[in-house]
K.L.:
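I have a structure I would like to understand better, so I am pasting it below and will then ask my questions one at a time.
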Amino acid sequence: MTMADTVAVMNAGRVEQLGSPADLYENPRSTFVANFLGTSNLIEAEVDSTSGADIVLRAGGGKLVLPVARCAAPATTGGKVLVGVRPEKISLTHADDAGEIPEGRNRVTGTIAAGSFIGVSTQYVVDSAVCPGLEVYVQNVDRDPRLVPGAEVVLHWSPAHTFGLDATQDIDAGLEEEAAL
């Protein structure tokens, strides 16, 4: 991806998606592309409503907002969508500080299941009602010592970093190919 202006992601001899490396990573159009090019958190959600440029979704008892322009799936009220967000796009806040999160961000509550310090960042796995095993990469700038396994947290991100995929696709497509590389 660092050497090309245009990349084609192929699956079983057919092109899944063609575009710039940044576009493929930021705007995958299938679960295969989302999983093959890095890590994606994919959350099963139901379309609650559409309002102008946004789709309002329900997942695990909470609400998420997805820009219509970032949804590669039909989004009809009551329909299902896979909501995706990359781990580095998510901020992690201890539950005690949830009131400091700016309005308008997507929010998911959960419990830290694991954390791995890898130098430049700490990689967390968070179990939540919306999805077990959400991955979050937090840059090690100002480490919060309360962010340890068992801590209650709020994951939050800009709706602009959310993408939507067709929920009829295999949520794990592309993962086995990544492991084989």
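All residue numbers refer to positions in the sequence shown, counting from 1.
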K.L.:
So Tyr25 and Val33, do their side chains get closer than 4.5 Å, heavy atoms only?
P.N.:
no
K.L.:
Can you check whether Leu92 reaches Tyr124 side chain to side chain, under 4.5 Å on heavy atoms?
P.N.:
yes
K.L.:
Hydrophobic clusters here meaning ILVMFWY residues chained together by side-chain heavy-atom distances under 4.5 Å, can you tell me if Phe163 and Leu57 are in one?
P.N.:
no
K.L.:
A side-chain contact here means heavy atoms from C-beta on lying under 4.5 Å apart; do Glu44 and Leu82 qualify?
P.N.:
yes
K.L.:
How about Val56 and Thr50: do any of their side-chain heavy atoms sit closer than 4.5 Å?
P.N.:
no
K.L.:
Stepwise, does the side chain to side chain contact (heavy atoms under 4.5 Å, CB included) test hold for Thr76 with Val47?
P.N.:
CA-CA 6 Å; Thr76 56; Val47 177; over 6 Å; no
K.L.:
Tell me yes or no: between the side chains of Arg105 and Ser158, is some donor less than 3.5 Å from an acceptor?
P.N.:
no
K.L.:
Restricting to non-hydrogen atoms, name the atom on Pro21 and the atom on Ala4 that form the minimum distance, rounded to 0.1 Å.
P.N.:
CG-O, 3.4 Å
K.L.:
Are any of the side-chain heavy atoms of Ile118 and Gln123 separated by less than 4.5 Å?
P.N.:
yes
K.L.:
With sequence neighbours left out, what residues match Ala59 under side chain to side chain contact (heavy atoms under 4.5 Å, CB included)?
P.N.:
Ile43, Ala45, Leu64, Val130
K.L.:
Sequence neighbours left out, what passes side-chain hydrogen bond (donor to acceptor under 3.5 Å, both in side chains) with Thr111? Give chain and number order.
P.N.:
Glu152
K.L.:
Side chains of Thr162 and Trp157: donor-acceptor distance under 3.5 Å anywhere?
P.N.:
yes
K.L.:
Once rounded to the nearest 0.5 Å, what's the spacing between atom CZ of Phe32 and atom CG of Asp172?
P.N.:
12.5 Å
K.L.:
Determine the minimum heavy-atom distance between Leu42 and Cys131, stating which atoms define it.
P.N.:
O-SG, 3.9 Å
K.L.:
Identify the two heavy atoms, one from Gly115 and one from Pro149, that lie closest to each other, and give their separation to 0.1 Å.
P.N.:
N-CG, 4.4 Å
K.L.:
Spell out, yes or no, whether Ile90 and Leu66 are grouped together once hydrophobic residues are joined by side-chain heavy atoms under 4.5 Å, including indirect joins.
P.N.:
yes
K.L.:
Just so I know, are the side chains of Leu134 and Leu155 near enough to count as touching, which here means a heavy-atom distance under 4.5 Å?
P.N.:
yes
K.L.:
With rounding to the nearest 0.5 angstrom, report the CD to CE distance, Gln17 to Met10.
P.N.:
13.5 Å
K.L.:
Ile171, Leu165: one ILVMFWY side-chain cluster at the under-4.5 Å cut-off?
P.N.:
yes
K.L.:
Looking at Ser40 and Ala34, what are the two nearest heavy atoms and their distance?
P.N.:
OG-O, 2.9 Å
K.L.:
Closer than 3.5 angstrom, by distance alone: can the side chain of Arg86 be matched with the main-chain N or O of Glu26 as a donor-acceptor pair?
P.N.:
no
K.L.:
Using the test salt bridge (Lys or Arg N to Asp or Glu O under 4.0 Å), find all partners of Asp127 that sit at least two apart in sequence or belong to another chain.
P.N.:
none
K.L.:
How far does CZ of Arg107 sit from OG of Ser128, to the nearest 0.5 angstrom?
P.N.:
14.0 Å
K.L.:
Tell me whether Asn35 contacts the main-chain N or O of Leu175 through its side chain, where contact means a donor paired with an acceptor under 3.5 Å.
P.N.:
no
K.L.:
Who are the side chain to side chain contact (heavy atoms under 4.5 Å, CB included) partners of Arg146, not counting sequence neighbours?
P.N.:
His94, Asp96, Asp97, Asp144
K.L.:
From Asn41 CG over to Glu135 CD, what is the distance, rounded to the nearest 0.5 angstrom?
P.N.:
6.0 Å
K.L.:
Who else is in the cluster with Val65 when I, L, V, M, F, W and Y are joined by side-chain contacts under 4.5 Å?
P.N.:
none
K.L.:
Is Val108 reachable from Val154 through a run of hydrophobic residues whose side-chain heavy atoms are each under 4.5 Å from the next?
P.N.:
no
K.L.:
Using side chain to side chain contact (heavy atoms under 4.5 Å, CB included), reason through Arg143 and Phe117 one step at a time and then give a plain yes or no.
P.N.:
CA-CA 11 Å; Arg143 295 189 68 221; Phe117 179 85; 3.9 Å; yes
K.L.:
In the single-linkage hydrophobic clustering (I, L, V, M, F, W, Y; side-chain heavy atoms under 4.5 Å), do Val7 and Leu18 co-cluster?
P.N.:
no
K.L.:
Measuring from atom OG1 of Thr122 to atom OH of Tyr137, what distance do you get when rounded to the nearest 0.5 angstrom?
P.N.:
12.5 Å
K.L.:
Given the rule in the side chain to side chain donor-acceptor pair (under 3.5 Å) test, do Ser121 and Asn140 qualify, once you have shown the distances and angles that lead to the verdict?
P.N.:
CA-CA 5 Å; Ser121 66; Asn140 288 325; 5.6 Å; no
K.L.:
Passes side chain to side chain contact (heavy atoms under 4.5 Å, CB included), Val126 versus Val153? Steps please.
P.N.:
CA-CA 8 Å; Val126 177; Val153 293; 4.0 Å; yes
K.L.:
Does the side chain of Pro28 come within less than 4.5 Å of Phe36's, by heavy atoms?
P.N.:
no
K.L.:
Determine whether the side chains of Ser30 and Glu16 contain a donor N or O and an acceptor N or O closer than 3.5 Å.
P.N.:
yes
K.L.:
Can you tell me which residue pairs pass the salt bridge (Lys or Arg N to Asp or Glu O under 4.0 Å) test with a partner in residues 51-77, sequence neighbours excluded?
P.N.:
Asp48-Arg58
K.L.:
For a 4.5 angstrom cut-off between non-hydrogen side-chain atoms, does Val81 reach Ile55?
P.N.:
no
